[in-house]
Asks: 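The following block contains the structure, expressed as structure tokens.
The sequence lines fix the lettering, A, B, ..., with proteins before strands; numbering per chain opens at 1.
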Amino acid sequence: MSKPARTSRRSGIRGGEAASGWLFTAPMIILLGMFLVVPVLMALWVSFSDWGGRGSPFGGNVKFVGFDNYSTLLNGGGLAEQDFGTALRNNAWYVVLVVPIQTALSLLLAVLVNRQILRGRGFFRTSFYFPSVTSSVAITVLWLFLFSSTGAINKLLSFIGINGPNWFNDPSGILHNFLQLFGVTQGPAALTDGSFLGVSWWDWLAGPSVAMTAFILMAVFTTSGTFMLLFIAALQNLSGEVTEAAMMDGANGWQRFWKVTLPQLRPTLFTVLTLGLIGSWQVFDQIYTGTKGAPGKTTLTPAYLSYQSAFNNQEWGQGAAIAFILFVIIVFFTLFQRWVLRERPVSKRRMRPYLTNPASAVALAATATPASTTKSGESR
Amino acid sequence: MSAPTVSPSRKLRALSREKLPTRAVAGRSLMYAILTVLAIIYIAPFLIQVATSFKTDVEAASNPISLLPQTWSTAAYQKLFLNSDFPVWFKNSAIVTIFVTLGRVFFNSLAGYALARLQFRGRTVIFAGLIAVMSVPGVVLLIPKFLVINQIGIYDTYVGMIVPLLTDAAGVFIMKNFFESIPASVEEQARIDGAGTFRVFWSIVLPMARPALITIIILSFQGSWNELSHFIVATQSPELTTLTKGVASLASGELSQGTQYPLKLAAAAIMTIPVAVMFFIFQKRIMNTTDGAVKE
């Protein structure tokens with residue numbers, strides 16, 4: 001298609017397209033180049049320099065220091081390493097809890113409101129989605145109130161006889177608290193002796209602090225609506241025939257969901273998990289608005305630490321280095337998750353239970369992995 | 001759609017309903033119960049927020065759940081509007097949001113159109129660059145953006161607040177996908193009639209792109225109104241503080257002694273109103289999965 005266009009570029013209905021093409025894209029190229037590409041390159045340089053925030057980072061007195069900023073963070077042995085380790089620990093627990101919960105909840109909401117026979121669907125969808133449109137600052141302010149020591153959550157808990165914690169001032173890790181119920185207050189020497197990034201293994205396993213747990217609940221609250229919409233759209237694009245075939249074969253609702261619907265939702269599941277993973281590694285607004293890393297640095301996140309190092313402590317090199325390490329972490333987990341969720345043919349072991357009844361085996365193979373439909377007979 | 005024959009799924013559903021009436025009713029009630037509880041959990045925080053903003057400080061602490069204040073107090077709102085920088089914050093947020101939304105509508109559709117329709121050398125390279133740029137997480141840009149804004153001398157100005165947000169890779173991507181989905185025949189007709197490329201874009205293509213433009217408007221309005229980190233690194237003077245930055249400073253205790261929850265919640269509530277209005281206007285489009293549309 002582009003061949004004839006190129007030969008007649010100067011005349012006819014495609015005349016002057018090259019010029020317009022560049023002209024039309026120029027604002028975007030300049031803006032994105034200026035405020036995205038150039039900044040990233042500049043920050044990359046800063047992360048390898050000893051720039052202290054005064055004057056231009058390209059000035060004569062700014063020196064190239066190689067990987068110094070990175071090694072201070074990764075094995076400097078000082079406060080910087082410990083803070084970075086703590087921030088990674090906090091955010092890792094955040095991701096581990098937020099991503100699965102928000103994905104499962106948004107899928108559940110989507111399935112519930114996608115029923116054809118449901119009355120008031122619009123109302124339910126609106127209420128579930130509404131938290132997603134509000135700003136993270138406004139929601140954080142609300143959360144600070146709801147989870148304050150005299151707030152609504154503790155009031156609710158008091159009705160069922162629970163004395164709620166002082167949420168945003170409680171630095172204790174929830175796994176440590178859980179172990180404490182069984183009288184374990186000190187970790188085994190094997191865990192307390194060793195450490196990684198300045199944080200002992202025992203502390204890595206502390207779980208999110210009570211304060212961080214409140215942020216985790218907030219993230220689930222604000223993101224589940226958005227992801228619910230993605231799942232609803234995907235559910236409506238599914239063809240009813242496969243589900244009907246499964247119904248004819250006598251699969252009950254539970255089986256239909258797990259063996260028929262869910263496998264077909266794999267692309268959306270992948271999108272939701274990827275977006276969730278990318279988003280939850282970048283916690284910044286909530287921390288800036290709410291706790292600024294307190295209590296006891298247990299809500300410190302790499303994103304906030306990066307900002308704090310640069311703008312408050314004037315450690316620009318370290319701040320930029322943290323941002324790039326975070327970038328690498330996000331890319332790594334995205335690729336890792338892509339690898340885990342890759343398309344795989346159904347293994348023989350998993351096929352076996354269905355092969356006793358050839359008819360349903362074919363039906364199931366057809367739904368689970370469309371690619372292996374024709375091979376299911378041969379694989380025996 | 002309205003075929004008189006009963007579809008197999010409906011027949012099956014009817015069949016199972018006849019078979020197990022009590023069980024179906026129980027299941028249905030359970031589902032409504034779950035949905036109602038969930039809806040209450042999702043809505044209650046906002047109702048509590050509005051109710052608390054009309055309470056006195058003492059009552060906010062002593063009775064944090066009740067939806068009706070015992071003594072109605074508008075002290076929080078009076079303080080915000082008459083005795084603080086809140087109106088300035090609101091004005092700044094409004095200015096930024098309007099310019100950013102207009103800019104994104106224009107620049108995103110312009111670039112999206114070029115990438116979807118115009119044949120020119122370098123198009124694939126630009127598109128590849130766009131995809132690469134989209135994968136950079138925003139948080140990585142916090143320090144870098146400040147460096148550039150500072151370097152070119154637009155730190156702490158409206159220009160520095162607005163210009164870097166004027167286009168976004170995701171928006172260009174949305175527009176490109178949309179233009180690829182509509183037929184090119186209409187434009188070609190206009191071209192044969194001798195209209196220039198910009199003319200075709202402006203008076204023929206753009207009006208057809210209404211659905212996608214509304215998406216861009218929603219996204220950029222919401223995005224720039226709720227933006228925080230960019231304004232943190234691009235400004236410092238109080239006259240340029242936006243709502244997000246201002247309310248965040250309120251939250252950490254400026255302007256107030258004690259907890260002052262009604263004041264903070266009132267600020268957060270007002271801040272939510274414009275996006276909420278936007279949301280309800282375009283609700284049908286946001287929830288684009290239309291009610292009752294059966295895909296078989």
Asks: From the options B:K264, B:Q49, B:M271, select the one residue that forms a side chain to side chain contact (heavy atoms under 4.5 Å, CB included) with A:V141.
Replies: B:K264

Asks: Who wins among A:F221, A:W316, A:Y307 for the most heavy-atom pairs under 4.5 Å with chain B?
Replies: A:F221

Asks: Checking heavy atoms, do the side chain of A:L326, its backbone, both or neither come under 4.5 Å from chain B?
Replies: side chain

Asks: Measure distances from A:L109 to the heavy atoms of chain B and classify the residue's part below 4.5 Å as side chain, backbone, both or neither.
Replies: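 It is the side chain, since no backbone atom gets that close.
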
Asks: Considering only heavy atoms, which portion of A:I330 lies under 4.5 Å from any heavy atom of chain B: side chain, backbone, both, or neither?
Replies: side chain

Asks: Has B:Y32 got a side-chain atom pairing as donor or acceptor with A:R119's backbone, closer than 3.5 angstrom?
Replies: yes

Asks: Using the rule given for side chain to side chain donor-acceptor pair (under 3.5 Å), can you reason through B:Y42 versus A:S224, listing the C-alpha separation, both sets of side-chain angles and the distance that settles it, and then say yes or no?
Replies: CA-CA 10 Å; B:Y42 274 80; A:S224 46; 2.6 Å; yes

Asks: Go through the atoms of A:I29 and report whether side chain, backbone, both or neither lie under 4.5 Å from a heavy atom of chain B.
Replies: side chain

Asks: For A:W51, which atoms come within 4.5 Å of any heavy atom of chain B: side chain, backbone, both, or neither?
Replies: side chain

Asks: Need one label for A:F284: side chain, backbone, both or neither, based on atoms under 4.5 Å from any heavy atom in chain B.
Replies: side chain

Asks: Which region of A:V37, side chain (C-beta onward) or backbone (N, CA, C, O), has a non-hydrogen atom less than 4.5 Å from a non-hydrogen atom of chain B, or is it both or neither?
Replies: side chain

Asks: Is A:S309 in contact with chain B via its backbone, its side chain, both, or neither, using a 4.5 Å heavy-atom distance?
Replies: neither

Asks: Output, in order, the C-alpha distance, side-chain angles, deciding distance and verdict of side-chain contact (heavy atoms from CB on, under 4.5 Å) for A:V137 and B:L243.
Replies: CA-CA 9 Å; A:V137 174; B:L243 267 180; over 6 Å; no

Asks: Check each atom of A:L235 against the heavy atoms of chain B and say whether the ones under 4.5 Å are side chain, backbone, both or neither.
Replies: neither

Asks: Side chain from CB out, backbone as N, CA, C, O: work out which of these in A:F327 comes under 4.5 Å of a heavy atom of chain B, or both, or neither.
Replies: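 For A:F327, backbone and side chain are both near chain B.
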
Asks: Under a 4.5 Å heavy-atom cut-off, does chain B meet the side chain of A:F159, its backbone, both or neither?
Replies: side chain

Asks: Identify which part of A:F128 has an atom lying under 4.5 Å from any heavy atom of chain B, answering side chain, backbone, both or neither.
Replies: both

Asks: Would you mind checking which part of A:V46 comes under 4.5 Å of any heavy atom in chain B, side chain (CB onward), backbone (N, CA, C, O), both or neither?
Replies: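 For A:V46, side-chain heavy atoms alone lie under 4.5 Å from chain B.
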
Asks: Give, as side chain, backbone, both or neither, the part of A:F124 having an atom under 4.5 angstrom from any heavy atom of chain B.
Replies: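 When you check distances to chain B, only side chain atoms of A:F124 fall under 4.5 Å.
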
Asks: So A:F130 and B:F280, would you call those rings parallel, tilted or perpendicular, with 30° and 60° as cut-offs?
Replies: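 It falls in the parallel class, under 30°.
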
